[in-house]
**Student:** 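Mind having a look at this structure? Questions to follow.
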Amino acid sequence: MPIPSAAPAPPLPFTPDYPLRTERLDLRPVRLDDFAAVHAYQRLPEVCRYLYSSPRDEAASRAWVSDMATRTTLRESGDSLRLAVVVRETGALVGDVSFVYTSRRHRQGRIGYVFHPDHTGHGYATEASRALLKLGFEDLRLHRIQAELDGRNTASARLLERLGMRREGHLRENEFLDGAWSDEVIYAMLAREWRAQRDRQQPGT
Ligand SMILES: CC(C)(COP(=O)(O)OP(=O)(O)OC[C@H]1O[C@@H](n2cnc3c(N)ncnc32)[C@H](O)[C@@H]1OP(=O)(O)O)[C@@H](O)C(=O)NCCC(=O)NCCS
């Protein structure tokens, strides 16, 4: 049975109009010459603490940057966008964000973010993630967008709450990480919740 919707999803392949611009940031495709800036945080244990990856050595970071650089267009369900987050005023690459088109049929997506600790505490991750929610709900006409995090990742939970996402699920000890059981938490937002939030913030749009 077709899934009811107000408007059809855009045809695939879908390439956003880069850069995605926010008040302070440009979100653009990752380039091979971003290696040094990306490795600067990918190598840090504190950045990887709640990710499902270990700190990367140079070779692993180079491979990761090469892979991220290809993630610019959505062709089918499961495809992702990986975007460098650049502060427009300084040109500094401060982190990266990801958007996964989890299911075209079910109109679902997922977001993620990783920032250099030198550049946290400014709201950049919230601002960049909000641009991904806008892309998902307004350009791709998604019905629901999800984020998953380690239950101990309180900075990430605060960010998702700032975005207005709902804490939907708490999976107890569903992962075995670094020799210990850990919980996973799921946050999500529905398209109607996005619209209601937008209307509260910008009445009449
Ligand atoms: C998770 C992560 C992205 C959060 O970064 P962050 O900078 O704290 O997130 P935000 O962009 O939302 O910034 C919010 C902080 O900036 C402050 N801030 C300053 N100016 C701000 C502004 N203009 N707007 C919003 N917040 C602002 C807020 O008060 C807040 O601080 P607080 O959390 O101490 O209250 C970062 O810790 C990170 O990359 N961690 C490692 C990777 C990781 O775990 N990723 C998530 C996997 S699920």
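All ligand and atom numbering here is 1-based and tracks the order in the structure.
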**Student:** Keeping the roles fixed (side chain from His116, backbone from Asp118), state whether a donor-acceptor pair exists under 3.5 Å.
**Tutor:**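 Side chain of His116 to backbone of Asp118: a pair is present.
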**Student:** Of all the heavy-atom pairs spanning Ala128 and Val85, show the shortest one and how long it is.
**Tutor:** CB-CG2, 4.0 Å
**Student:** Considering Asp150, Thr120, Val97 one by one, which has a heavy atom nearer to atom 5 (O) of ligand 1 than any of the others?
**Tutor:**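 The nearest heavy atom belongs to Thr120.
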**Student:** Protein non-hydrogen atoms only, distance under 4.0 Å: does atom 31 (O) of ligand 1 have such a neighbour?
**Tutor:**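 No; the ligand atom in question lacks any protein heavy-atom contact below 4.0 Å.
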**Student:** Would you say Arg88's side chain and Thr22's backbone share a donor-acceptor pair under 3.5 angstrom?
**Tutor:**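 Answer holds: yes.
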**Student:** Do protein heavy atoms approach atom 45 (N) of ligand 1 to less than 4.0 Å?
**Tutor:** yes
**Student:** Are any of the N/O atoms in Tyr124 less than 3.5 Å from those in ligand 1?
**Tutor:** yes
**Student:** Tell me whether the NZ or CZ atom of Arg62 lies within the 45° cone about the ring axis of Phe35 and under 6.0 Å from its centre.
**Tutor:** yes
**Student:** Only heavy atoms of Glu148, strictly under 4.0 Å: list the atoms of ligand 1 that pass.
**Tutor:** 48 (S)
**Student:** Glu46 versus ligand 1: do any nitrogen or oxygen atoms come within less than 3.5 Å of each other?
**Tutor:**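 In this structure, Glu46 places no N or O atom under 3.5 Å from an N or O of ligand 1.
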**Student:** Out of all atoms in ligand 1, which are within 4.0 Å of some heavy atom of Val47? Include the element for each.
**Tutor:**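 Near Val47, the atoms of ligand 1 are 41 (C), 42 (C).
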**Student:** Among Ala157, Ala125, Ala155, which one has a heavy atom closest to atom 11 (O) of ligand 1?
**Tutor:** Ala125
**Student:** Answer with yes or no whether the side chains of Arg144 and Gln146 bring together a donor and an acceptor at under 3.5 Å.
**Tutor:** yes
**Student:** Report yes if Tyr50 has an N/O atom closer than 3.5 Å to an N/O atom of ligand 1; otherwise report no.
**Tutor:** no
**Student:** Are any of the N or O atoms of Gly121 closer than 3.5 Å to those of ligand 1?
**Tutor:** yes
**Student:** Between Arg71 and Asp67, is a salt bridge (charged side-chain N to carboxylate O under 4.0 Å, His left out) present by the stated rule, with each step listed?
**Tutor:** CA-CA 7 Å; Arg71 312 243 173 209; Asp67 180 75; 3.0 Å; yes
**Student:** Do you see a donor-acceptor pair shorter than 3.5 Å between the side chains of Tyr101 and Gln108?
**Tutor:** no
**Student:** Look only at interatomic distance and state if Tyr113 has a nitrogen or oxygen under 3.5 Å from any nitrogen or oxygen of ligand 1.
**Tutor:** yes
**Student:** For ligand 1, which atoms, with element, lie under 4.0 Å from some heavy atom of Asn153?
**Tutor:** 43 (C), 44 (O), 46 (C), 47 (C), 48 (S)
**Student:** Look at the side chain of Arg82 and the backbone N and O of Ser98, then say whether any donor-acceptor pair between them is shorter than 3.5 Å.
**Tutor:** no
**Student:** Quick one: look up the protein heavy atom nearest atom 25 (C) of ligand 1 and list residue, atom name and how far away it is.
**Tutor:** Gly123 CA, 3.4 Å
**Student:** Which of the numbered atoms in ligand 1 are below 4.0 angstrom from a heavy atom of Thr126?
**Tutor:**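 Going through ligand 1 atom by atom, the ones under 4.0 Å from Thr126 are 10 (P), 11 (O), 12 (O).
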**Student:** Any donor-acceptor pair under 3.5 Å linking the side chain of Glu46 with the backbone of Leu44?
**Tutor:**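 No: the side chain of Glu46 does not pair with the backbone of Leu44.
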**Student:** Can a donor-acceptor pair be found, under 3.5 Å and without considering hydrogens, that links the side chain of Glu193 to the backbone of Leu190?
**Tutor:** yes
**Student:** Please evaluate residues His119 and Phe115 with respect to the criterion ring-ring contact (aromatic ring centres under 6.0 Å, His included), reporting the C-alpha separation (whole Å), side-chain torsions for both, the decisive distance (0.1 Å), and the verdict.
**Tutor:** CA-CA 7 Å; His119 298 288; Phe115 279 69; 8.8 Å; no
**Student:** Measure His122 to ligand 1 on non-hydrogen atoms and call it side chain, backbone, both or neither using the 4.0 Å cut-off.
**Tutor:** backbone
**Student:** Any idea which protein heavy atom is nearest atom 4 (C) of ligand 1, and the distance to it?
**Tutor:**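 For this ligand atom, the closest protein heavy atom is Leu159 CD1, 4.0 Å.
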**Student:** Going by atom types alone, do Thr126 and Arg162 pair a side-chain donor with an acceptor below 3.5 Å?
**Tutor:**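 There is such a pair between these side chains.
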**Student:** Considering the heavy atoms of Val114, write down every atom of ligand 1 situated less than 4.0 Å from one of them.
**Tutor:** 39 (O)
**Student:** Identify, for atom 39 (O) of ligand 1, the protein heavy atom at the shortest distance, and state residue, atom and that distance.
**Tutor:**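 So the nearest neighbour among protein heavy atoms is Phe115 N, 2.8 Å.
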**Student:** So for Gly112, does at least one of its heavy atoms come nearer than 4.0 angstrom to any atom of ligand 1?
**Tutor:**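 Judged by the 4.0 Å heavy-atom criterion, Gly112 does not count as contacting ligand 1.
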**Student:** Under 4.0 Å from atom 7 (O) of ligand 1, is there any protein heavy atom?
**Tutor:** yes
**Student:** Report the member of Glu23, Arg162, Arg158, Glu161 with the shortest heavy-atom distance to atom 14 (C) of ligand 1.
**Tutor:** Arg162
**Student:** Ignoring hydrogens and geometry, is there a side-chain-to-backbone donor-acceptor pair from Asp34 to Arg31 under 3.5 Å?
**Tutor:** yes
**Student:** Treating Asp139 as the side-chain partner and Gly136 as the backbone partner, does any N or O pair qualify as donor plus acceptor under 3.5 Å?
**Tutor:** no
**Student:** Out of all atoms in ligand 1, which are within 4.0 Å of some heavy atom of Ser156? Include the element for each.
**Tutor:**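 Within the 4.0 Å cut-off of Ser156, ligand 1 contributes 1 (C), 46 (C), 48 (S).
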**Student:** Is Leu51 in polar range of ligand 1, meaning some N or O pair under 3.5 Å apart?
**Tutor:** no
